[in-house]
Every structure is written in C-alpha cells, then in structure tokens.
Asks: 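Before we start, here is the structure in question, set down as structure tokens.
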Amino acid sequence: MAELLGIGCSHGPIILTPPENWHRSRERIFSRNPNFQAPPQLIKELGDDNGLTQDIIDQQKVVEAFQVMRDRLHEWNPDVVMVIGDDQAENFQQDNLPPFCLYTGDEVDGYPFRRAGGKDNIWEAETETRFTFRCPKDFSRDMRNSLIRDGIDMASSSKLNGWDWGLAHAIINPLVYLDPEGKFPLLPLFVNCYGEEAGPDYPPRPTAKRCYEVGQSIRRFLDTRDERVAVVASSSWSHSFLAHKNNCSAIDLETDRRYLELVRQGQGSQLATLTPEELQDSGDHEILNWIIALGILGDVPAEIVDVRESHTQLAFRVAALWG
Ligand SMILES: [Fe+2]
C-alpha cells in the first residue's frame with residue numbers, strides 16, 4: 001500500500017516577488033485585455049495605495065502557508081516528491097505537445113528567477129540562480145511502464161530541447177519554498193492545462209475525467225511500491241484573465257468556493273465530472289493538476305491551510321494538505 005502525503009499549492013510567479021512589485025504583473029496582465037472591466041471588489045482592494053496594503057497581507061499569508069507545508073514535508077521525509085504542474089510553452093514547444101509527460105531522467109535544473117516577475121525576487125537572488133534536483137529515474141520509468149500497461153498512454157522524456165530553459169515555473173516555483181536544497185528526489189509530471197488557450201497549434205487540454213483516471217492509475221502503481229511519496233498539486237484555480245464568463249476580468253469566486261468545499265470534505269472525485277466548457281468558462285484550466293492529485297489521493301478530506309480570494313492576486317489560491 002502506498003504511503004502518501006498530499007500538498008496543494010500555487011505556483012504563480014508573484015509568490016517569489018516582493019509585494020511592492022505585485023502591481024506590475026497585475027497591470028501587465030490587465031493591459032493585455034482590451035475588454036478589461038475592473039470588478040467592484042478589485043477596486044475596493046486597490047484602495048488608495050494601488051493594492052499595496054492588500055498585497056502585503058496576501059504575500060504574508062502565502063509565505064506562511066508554504067512554511068506550514070514545507071515543515072510537514074520535511075517532517076514526513078518522503079522518498080520521492082512528485083510535482084504535478086502545467087507547462088506554459090516552456091519545456092514543451094511546437095515540436096512536442098503531449099497531454100501528459102513524466103520526466104524520466106536522473107537530474108534536472110530549475111532557474112525560477114529567469115522569468116519576468118522572478119527577477120525581483122524576495123531573496124534578492126541572481127537571475128541565473130540554479131536549483132538542482134536528483135530524480136528517481138528507475139521509479140519514474142516503472143511508473144510510466146505501469147501506466148501504459150494499465151491503459152494510460154503516458155509520454156515520457158529524459159531529455160527535451162526545452163530543458164535549456166530549466167524546469168517549467170509550475171514545477172520549480174513551489175520548490176523554491178518546499179525543497180530549495182533538492183533534499184528529496186523530484187519526479188515532475190507535466191500537464192497541458194492551457195490547451196488551445198496557449199495558441200492555435202496547441203491541442204485541447206485533457207479532460208477532467210482523464211486527469212482523474214491518470215491519478216487513479218498512478219495510485220494503482222504506488223500501491224505496489226514501498227516508496228513514500230509526497231504528491232504536490234501545483235496551481236492556482238480560477239484565473240481572472242482566463243475566466244471567460246467574467247470577460248477575462250475577474251476570478252470566478254463562486255465556482256471555486258464550491259470546488260473548495262468538495263476538496264475540504266473529501267469529495268474531490270466530483271471534480272472529475274467537470275466539462276471542458278465549465279473549466280474554460282471559470283478560468284479553472286490549471287485545476288487539472290489538482291484533479292490528477294485527487295485521483296492519486298482518493299476521496300479523503302483535505303486540511304485547508306489557507307485560501308486567498310483577492311482579485312488583486314489574479315487567481316484563487318488554495319494551500320492544502322492531505323495525510
Ligand atoms: Fe500557472
């Protein structure tokens with residue numbers, strides 16, 4: 001039987017950035033949308049200091065939540081940390097766009113501060129700062145083989161052209177908090193959460209149902225193994241700039257609060273029924289990472305460490321633990 005620890009967290013680049021600079025990302029993203037209409041709650045949060053007071057509160061809460069999750073992870077001392085995150089045209093380019101891909105190499109690097117927003121990081125680290133992780137090559141190959149024999153056509157890569165960039169931000173950003181020294185072997189799983197939203201040549205994102213099935217198949221494999229695995233779902237939920245029903249201007253709070261209750265109560269399998277249209281409308285593209293994790297962990301209640309609902313953050317951020 002698998003011994004599992006679940007962690008759910010955000011990977012938004014602003015988690016690395018001093019709150020004094022959050023307004024820059026916000027303004028950049030708002031300016032991309034010619035139909036942007038500021039929702040009333042956003043106007044309230046911006047107040048008379050362009051959101052700085054709210055940003056300081058939110059940043060502090062995000063950091064505190066990561067501290068709780070980091071402590072639990074290190075106390076638990078896993079054999080493998082599996083991070084499930086989406087690629088946003090970083091490691092995967094037009095030459096190769098799989099719905100899912102497991103990393104099967106033996107080492108991997110990340111450069112979290114190379115990305116816009118990461119340069120002004122709260123540690124004042126150099127842009128080229130490198131984080132190196134050992135990877136459980138044999139374990140990940142066994143997992144891939146098990147998935148394929150179980151009917152899940154999992155892609156794998158031990159070398160990609162896109163690796164020159166370093167790990168996609170969805171994988172590396174949470175690790176800056178959770179395991180910056182690379183203490184634990186890292187197993188990245190990439191998911192094409194953005195689908196057509198990333199460009200006309202991108203295939204559609206996999207369905208919620210398929211993501212849940214991938215998680216269940218991973219669990220069947222883990223149940224045959226002795227390794228203790230921490231499963232990290234890396235993503236925020238509704239993004240304001242992806243929430244089509246809100247004119248790509250506001251987070252879909254109502255929908256995400258509903259999903260949060262399901263996760264809290266151990267009914268996450270219900271998220272497997274979400275349709276592609278529902279995900280597209282509410283801007284919950286990235287929740288697919290969590291749905292895979294929920295398929296692995298099963299219907300067990302989550303301990304909700306923190307929830308950030310501010311429109312100033314551009315995304316609904318949940319920090320959670322299972323086990
Ligand atoms: Fe993201």
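Start at 1 and go down the list; that is how both ligands and their atoms are numbered.
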Asks: Partners of Arg264 by side-chain hydrogen bond (donor to acceptor under 3.5 Å, both in side chains), sequence neighbours excluded?
Replies: Glu261

Asks: Please determine which of Arg26, Gln60, His23 meets the side-chain hydrogen bond (donor to acceptor under 3.5 Å, both in side chains) test together with Asp55.
Replies: Arg26

Asks: Got a sec: is His11 within less than 2.8 Å of the Fe ion (ligand 1) via an N/O/S atom?
Replies: yes

Asks: Of the non-hydrogen atoms in Thr129 and Ala125, which two are nearest, and what is the gap between them?
Replies: OG1-CB, 3.6 Å

Asks: Mind checking what makes salt bridge (charged side-chain N to carboxylate O under 4.0 Å, His left out) contact with Arg220, not counting sequence neighbours?
Replies: Asp150

Asks: Identify, by name, the N, O or S atom of Glu286 lying closest to the Fe ion (ligand 1).
Replies: OE2

Asks: Let me check your reading of the structure: within less than 2.8 Å of the Fe ion (ligand 1), is there an N/O/S atom from Ser236?
Replies: no

Asks: Does Asp86 put an N, O or S atom under 2.8 Å from the Fe ion (ligand 1)?
Replies: no

